[in-house]
Colleague: 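Okay, handing you the structure first.
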Amino acid sequence: MTQGAVEQGIEQVDAVVVGAGLNGIYQIYRLVQQGLNIRAFEAGDSVGGVWYWNRYPGARCDSHFPFYQYWFSKELWDEADWKERFPGQVDIEAYFNHVCDKFDLKRHITFKTRVTAAKFDAASGRWIVSTDTGETVSAQFLVFNSGGLSVAKAPPYPGFDTFKGVAVHTSRWPKGGLDLAGKRVGVIGTAATGIQVIQSIAAEVGHLTVFQRTPNYAVKMRNDRITEQDLSAMRASYDDLNARVHQSFGGFVYDDEPPMFDDMPEEQRTPYLESIWANGSLKMWGNTFADAFMNPEAAEFISEFVREKIRARIKDPAVAEKLVPKDYQFGTRRVPLENGYFDVFNRDNVTLVDLREDPILSVDPTGINTTSGHIDLDVIITATGFDAGVGAVNQVDIRGRNGVSLRDQWKTCVRTTVGMQVHGFPNLFMTMAPFAPAAAICNVPVCTDQQVGWISDTIAFARAKGLKTIEPTAETEAAWMAHHEEISEPTLIGQNRNSWYRLPRDDGQKRELIAYMGGLVQYRAACDEYRNSGYAGFALT
Ligand code: NAP
């Protein structure tokens with residue numbers, strides 16, 4: 001084994017994997033299959049990643065059956081016993097435990113341990129990885145599967161720490177649950193997570209105050225029970241779906257080809273949208289009109305359709321107008337699914353605070369102060385989202401060639417090559433990082449199946465060739481970034497700056513758009529081209 005400048009006495013492995021969620025589990029599986037000696041580190045005390053941490057009431061997947069599961073093993077499909085079309089957190093966490101037990105993966109994982117630093121040693125071409133438990137490991141390859149949505153964003157209100165009640169971020173919900181019965185509860189945040197919490201707790205709490213900054217176009221979820229017949233059909237469809245899903249735009253297969261907006265006669269458009277609405281899934285986002293992400297007229301038509309759906313659910317027209325998005329178009333931010341969310345606002349024990357009219361000024365020991373007064377609360381739930389795309393990687397002090405800090409480099413400018421490598425950081429890989437479909441616009445198990453596969457193939461290539469290092473050249477990275485910007489910026493998602501798809505700046509403005517909008521097929525082709533060319537455009541030493 002190459003020693004170079006690596007200190008004696010440090011454990012030597014072929015690869016370190018950071019994180020044991022959906023991607024980390026598959027990454028461990030692949031690298032072990034390839035014969036690598038690995039160590040994996042996970043901050044939680046078990047596997048599951050976001051599905052381990054996000055155990056808030058109502059936590060549920062918005063990807064519909066059968067698309068949210070692993071694709072690498074037909075056996076897993078044969079054994080899966082999904083119960084709902086949109087599985088809940090408990091079932092998904094159990095699934096990941098099943099996968100790890102089946103393939104005996106937990107023995108590779110050190111739990112309750114965070115990777116804190118990783119330093120590249122140019123002489124050996126290895127990473128020296130340190131943890132918060134004082135371990136140091138040397139590895140040729142370092143793979144971050146630490147998730148794109150795993151570092152919680154705290155609300156920046158003065159006095160938040162002085163609150164004497166219970167304050168909890170949804171992604172740190174206690175394992176034993178929280179007793180909310182009869183309590184005065186405030187929820188800050190009304191996107192995918194907030195919507196699920198709010199609709200789940202409204203009937204149980206004494207009073208619920210919902211603090212909304214930006215209203216969302218949520219689509220009514222149709223959460224059917226999954227029957228034995230459904231499971232049999234799912235198993236029988238594995239080969240077909242597995243062949244097609246990786247050639248889809250966003251990790252779902254739809255049997256109907258969406259028309260261009262202008263090609264559909266006007267009188268057919270609303271009935272057509274009704275039929276898709278009845279499907280009760282993200283099909284409403286990804287498969288209405290072929291040009292829905294590009295054509296403002298199409299987006300406005302869909303927006304108005306959904307606005308009417310929201311208005312129809314809310315008794316008080318003044319409340320309805322606060323809940324109806326008007327200053328941006330449907331689909332230009334993540335579309336949440338809901339199951340009773342809008343009906344909550346017809347309840348006597350629920351109040352909506354529109355933070356655009358009545359902003360939060362501060363938090364004090366007994367509640368929240370807005371411009372219109374003080375709201376007494378026993379519990380504050382922050383559903384305020386995540387330091388998206390870069391948060392988890394940035395928690396680690398990563399030093400690449402010449403001691404360059406990735407965190408410092410990313411402070412002003414994030415760049416990646418296909419979202420999986422960064423020039424100047426050899427042998428370092430990541431999934432769900434910016435500028436790939438997996439960063440935002442994709443059903444995650446499908447797009448990260450491809451990413452974990454590409455990373456594993458690249459590591460196999462480097463090992464077979466006896467390489468010390470592999471990394472994209474600066475030119476390759478610049479070309480990918482130019483392609484990403486050319487494809488993604490002109491889309492309607494690119495034009496909406498109010499979304500986590502665009503990284504925030506310290507001054508509250510926005511910078512890079514992390515969502516790659518070319519779709520999975522185009523992305524996969526680019527990755528395959530690197531691999532099939534023997535990594536032309538990569539520096540191999
Ligand atoms: P999010 O989409 O970033 O939404 C955060 C919410 O908190 C927004 O309503 C935001 O308002 C609000 N907010 C943030 N900072 C605030 C502040 N300082 N004051 C007041 N409001 C504030 O986060 P999320 O809902 O946790 O969802 C993140 C992603 O996780 C989703 O887009 C999805 O990809 C994934 N997710 C998936 C599921 C699922 O599959 N069912 C469920 C949950 C999450 P603004 O909109 O004004 O910023």
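Both ligands and their constituent atoms are indexed starting at 1 by order of listing. Just so it is clear, the model here is predicted, and its values are computed rather than measured.
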Colleague: Write down, by chain and number, every protein residue that brings a non-hydrogen atom to less than 4.0 Å from an atom of ligand 1.
Modeller: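 Lining ligand 1 at under 4.0 Å, by heavy atoms, one finds Y56, R60, C61, D62, L149, P156, Y157, I188, G189, T190, A191, A192, T193, Q196, R213, T214, R333, R334, L355, A383, T384, G385, F386, W500.
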Colleague: Taking only residues two or more places apart in sequence or in another chain, which ones pass side-chain hydrogen bond (donor to acceptor under 3.5 Å, both in side chains) with D378?
Modeller: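 Testing D378 for side-chain hydrogen bond (donor to acceptor under 3.5 Å, both in side chains), a comparison that skips the adjacent residues, returns R184.
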Colleague: Strictly by ring pair (Phe, Tyr, Trp, His ring centres under 6.0 Å), give each pair with a member in residues 336-366 just once, sequence neighbours left out.
Modeller: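 Listed once each, the pairs are Y341-F345.
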Colleague: Are the aromatic ring centres of F252 and H64 under 6.0 angstrom apart?
Modeller: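 Judged by ring-centre distance (under 6.0 Å), F252 and H64 do meet the cut-off.
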Colleague: Give the ring-plane orientation class for Y238 versus W71, where under 30° counts as parallel, over 60° as perpendicular and anything between as tilted.
Modeller: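 The arrangement is parallel - the two ring planes meet at less than 30°.
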Colleague: Mind checking ring pair (Phe, Tyr, Trp, His ring centres under 6.0 Å) for H483 and listing every partner two or more places apart, or none if nothing turns up?
Modeller: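 Per chain and number, H483 pairs via ring pair (Phe, Tyr, Trp, His ring centres under 6.0 Å) with W480, Y516.
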Colleague: Start with the C-alpha distance between D230 and T227, add both sets of side-chain angles, then the distance that settles side chain to side chain donor-acceptor pair (under 3.5 Å), and finish with yes or no.
Modeller: CA-CA 5 Å; D230 294 328; T227 63; 3.0 Å; yes
